[in-house]
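Written out below as structure tokens is the structure these notes cover.
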Amino acid sequence: MNFSTKLINWYTVNKRDLPWRSTNNPYYIWLSEIILQQTQVVQGTPYYHAFTSQFPTVFDLANANEEDVLKLWQGLGYYSRARNLHWSAKYIVNELDGVFPDTYKDILKLKGVGDYTASAIASICFNEVTAVVDGNVYRALSRIFGIETPINSTPGQKEFKALAQQLIDKQQPAIFNQAIMEFGARQCKPKNPDCSVCPFKTSCLALKENKIAVLPVKLKKTKVTKKYFNFIVIISKNEKTILEQRIGSGIWQNLYQFPLIETEKPSTYNNIKSKIENLDVLADMNFDVHLYNDTDIIHKLSHQHLYTKFWIVSVDECIENGIDISNIKDYPVPILIGNFIDKFNF
DNA sequence: AAGCCGGGGTC
DNA sequence: GACCCAGGCTT
């Protein structure tokens with residue numbers, strides 16, 4: 001039995017019933033693929049339902065405000081995905097008359113769509129024979145074929161793409177692509193896979209040579225840096241607070257946050273209080289400062305650990321700028337801020 | 001080629 | 001703690 005037949009037989013028996021498997025509509029497949037980039041199915045599924053419900057067509061998404069798209073994306077992370085998704089929806093509507101591109105080459109022109117996502121959409125929706133290579137495929141192929149080329153190197157990416165393209169079932173590329181990803185996710189798992197029930201157990205080179213735990217090979221790891229964040233939560237007499245939109249480069253682009261004072265080292269009360277006094281919005285005002293969280297909240301991103309303090313600043317005067325606290329949940333915020341807003345009793 | 005970009009889960 | 005996730009963009 002050849003590779004594809006073995007794989008698809010396994011898939012037929014073991015596949016999950018997932019919402020996006022019941023459609024070939026490229027708009028829905030696109031939504032699912034963007035949502036699932038670097039995201040597990042269990043985490044992404046609620047967002048898939050939310051997006052298809054709130055934006056049933058590409059026109060609905062294109063007509064939305066970016067802020068509404070970010071709000072719906074809140075909590076999922078990698079927010080450039082949401083901004084690019086919105087950009088591409090407008091591009092499809094304005095430049096393509098709302099017709100979704102139907103070839104790998106044209107799908108690749110969408111922002112936020114790279115080789116993997118273009119291959120997935122082109123094969124699943126349009127039966128184009130373009131092999132997908134995601135984290136699951138890297139793991140499965142590196143083990144079955146005993147390939148030790150680092151998967152995050154340029155030669156590795158080319159080698160695995162070529163191998164997948166050679167293996168793909170040209171009669172049913174849509175099924176093959178979904179099958180190999182599902183196989184990597186459910187059978188050829190990162191840790192402790194049950195190789196005794198694997199359809200490739202007799203031929204898998206990694207199993208034969210006891211290399212399951214060391215494959216796939218990956219080049220180094222990005223080192224994590226520590227940052228010290230102080231969020232200034234202003235509460236005025238007229239029940240307003242200040243939210244600022246993050247602009248420019250860096251994390252959480254275009255999301256909102258309380259005014260942020262970043263320090264080189266853990267801050268002290270006196271240290272922060274003097275900096276709060278210099279905030280323009282509080283010029284010549286009397287206020288009281290107290291620390292909300294006794295111990296730092298450590299928010300972990302992929303390459304930063306944010307040691308976070310929330311400082312509550314009560315102002316016994318009215319402020320003119322700022323937003324009504326009653327409307328605070330309308331703004332898209334990073335989950336670190338969102339958790340605080342949910343817990344804090346304004 | 002290397003660094004950056006989230007949040008949640010497993011082991 | 002280390003590693004992973006239906007990756008892609010910027011420098």
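Excluded from the calculations below are hydrogen atoms, water molecules and symmetry mates; all remaining heavy atoms, backbone and side chain alike, are included. First the proteins, then the strands, lettered A, B, ... as listed; each starts at 1.
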- Side-chain heavy-atom pair Ile34(A), Val113(A) within 4.5 angstrom cut-off: yes
Quiz: residues 123-131 of chain A side-chain donor-acceptor pairs under 3.5 angstrom, not counting sequence neighbours:
from: Ser123(A); atom 1: OG; to: Ser119(A); atom 2: O; distance (Å): 2.9
from: Ser123(A); atom 1: OG; to: Ala120(A); atom 2: O; distance (Å): 3.1
from: Ser123(A); atom 1: OG; to: Asn177(A); atom 2: ND2; distance (Å): 2.9
from: Glu128(A); atom 1: OE1; to: Tyr104(A); atom 2: N; distance (Å): 3.0
from: Thr130(A); atom 1: OG1; to: Ser119(A); atom 2: O; distance (Å): 3.3

- Message: So Gly250(A), base contact, sugar-phosphate only, or nothing? Heavy-atom distance under 4.0 Å.
- Response: sugar-phosphate
- Item | Interatomic distance at C1', dC11(B) relative to dA6(C), whole Å | 22 Å
- Query: With under 30° as parallel and over 60° as perpendicular, where do the rings of Trp252(A) and His299(A) fit, or are they tilted in between?
  - Reply: tilted
- Query: If you measure from the P atom in dG6(B) to the same atom in dT11(C), how many Å do you get, rounded?
  - Reply: 15 Å
- Between Phe200(A) and the options Trp10(A), Phe145(A), Phe183(A), the ring pair (Phe, Tyr, Trp, His ring centres under 6.0 Å) test singles out Phe183(A)
- Query: When we call it a touch if two heavy atoms are under 4.0 Å apart, what does Trp73(A) touch: a base, just sugar-phosphate, or nothing?
  - Reply: nothing
- Starting at atom CD1 of Ile337(A), determine the distance to atom P of dG7(B), rounded to an integer number of angstrom. 10 Å
- By nearest-nucleotide position on DNA chain C, the 5'-leaning member of His305(A) and Gln38(A) is His305(A)
- Query: Which value, in whole Å, describes the distance between the C1' atoms of nucleotides dG8(C) and dG9(B)?
  - Reply: 22 Å
- Item | Stepwise ring pair (Phe, Tyr, Trp, His ring centres under 6.0 Å) test for Tyr48(A) and Trp20(A) | CA-CA 8 Å; Tyr48(A) 176 79; Trp20(A) 45 90; 5.2 Å; yes
- Item | Whole angstrom value for the distance that separates C1' of dG7(B) from CG of Leu301(A) | 8 Å
- Mind checking whether Phe51(A) and Trp73(A) have parallel, tilted or perpendicular rings, split at 30° and 60°? perpendicular
- Query: Given atom CG of Leu76(A) and atom C1' of dA6(C), what is their separation to the nearest angstrom?
  - Reply: 13 Å
- Task: Could you tell me whether the phosphate oxygens of dG6(B), OP1 or OP2, come under 4.0 Å of any side-chain nitrogen or oxygen in His299(A)?
- Result: no
- Return the 5'-most residue of the pair Pro216(A), Tyr78(A) with respect to DNA chain C, ranking by each residue's nearest nucleotide. Pro216(A)
- With distance as the sole criterion, do the side chain of Gln43(A) and the base of dG7(B) form a donor-acceptor contact below 3.5 Å? yes
- Message: Please tell me if Tyr79(A) has a side-chain N or O lying less than 4.0 Å from either OP1 or OP2 of dG7(B).
- Response: yes
- Item | Distance, rounded to the nearest Å, where Leu336(A) contributes CG and dC5(B) contributes P | 15 Å
- Message: Under 4.0 Å between a side-chain nitrogen and a carboxylate oxygen: does that hold for Asp194(A) and Lys189(A)?
- Response: no
- Query: Closer than 4.0 Å, any side-chain N/O of Trp252(A) to the OP1 or OP2 of dG7(B)?
  - Reply: yes
Polar atom pairs (N or O), protein with nucleotides 9-11 of chain B, under 3.5 Å:
none

- N or O in side chain of His303(A) less than 4.0 angstrom from dC5(B) OP1/OP2: yes
Using atom types as modelled, flag every donor-acceptor pair under 3.5 Å from a side chain in residues 309-323 of chain A to any protein atom, sequence neighbours excluded.
from: Lys309(A); atom 1: NZ; to: Asp296(A); atom 2: OD1; distance (Å): 2.8
from: Trp311(A); atom 1: NE1; to: Asn230(A); atom 2: OD1; distance (Å): 2.7
from: Glu317(A); atom 1: OE2; to: Asn286(A); atom 2: N; distance (Å): 3.4

- Item | From Gln187(A), Gln178(A), Met181(A), Arg186(A), residue fulfilling side-chain contact (heavy atoms from CB on, under 4.5 Å) relative to Tyr11(A) | Gln178(A)
- Message: Could you tell me how far apart Phe160(A) (CZ) and dG7(C) (P) are, to the nearest whole angstrom?
- Response: 15 Å
- For Gly75(A), answer base if it contacts any base atom (sugar-phosphate contacts may also be present), sugar-phosphate if it contacts only those atoms, and nothing otherwise; contact means non-hydrogen atoms under 4.0 Å. sugar-phosphate
- Item | Presence of Gln304(A) side-chain N/O under 4.0 Å of dC5(B) phosphate oxygens OP1/OP2 | yes
- What integer distance in Å separates Lys111(A):NZ from dT10(C):P? 7 Å
- Item | Out of dG8(B), dC5(C), dC9(C), whichever nucleotide has its closest atom nearest the side chain of Asn84(A) | dC9(C)
- Task: Evaluate ring pair (Phe, Tyr, Trp, His ring centres under 6.0 Å) for Phe258(A) paired with Phe340(A), printing each intermediate quantity in order.
- Result: CA-CA 11 Å; Phe258(A) 299 106; Phe340(A) 169 81; 5.7 Å; yes
- Going by an N to O cut-off under 4.0 Å, is there a salt bridge joining Asp106(A) and Lys109(A)? yes
- Got a donor-acceptor pair under 3.5 Å from the side chain of Arg16(A) to the base of dA6(C)? no
- Could you tell me whether Ser80(A) contacts a base, only the sugar-phosphate backbone, or nothing, with contacts defined as non-hydrogen atoms closer than 4.0 Å? nothing
- Item | Between CD on residue Gln257(A) and CG on residue Leu260(A), distance to nearest 0.5 Å | 5.0 Å
- Query: For Lys218(A) and dA2(B), what is the distance between atoms NZ and C1' respectively, to the nearest whole Å?
  - Reply: 14 Å
- Item | Pairing residues for Tyr27(A) by the ring pair (Phe, Tyr, Trp, His ring centres under 6.0 Å) criterion, not counting sequence neighbours | none
- d(CE, Met181(A); P, dG7(C)) in whole Å: 8 Å
- Could you check whether Ile34(A) gets within reach of a base, just the sugar-phosphate, or nothing at all, counting any heavy atom under 4.0 Å? nothing
- When Lys300(A) and Lys220(A) are each assigned the nearest nucleotide of DNA chain B, the 5'-most assignment goes to Lys220(A)
- Message: Within the 4.5 Å heavy-atom criterion, are Leu215(A) and Val217(A) side-chain neighbours or not?
- Response: yes
- Message: Heavy atoms within less than 4.0 Å of DNA chain B: which residues of residues 131-144 of chain A have one? Give them sorted by number.
- Response: none
- Item | Close residues, residues 113-120 of chain A, relative to DNA chain C [heavy-atom separation under 4.0 Å] | Val113(A), Gly114(A), Asp115(A), Tyr116(A), Thr117(A)
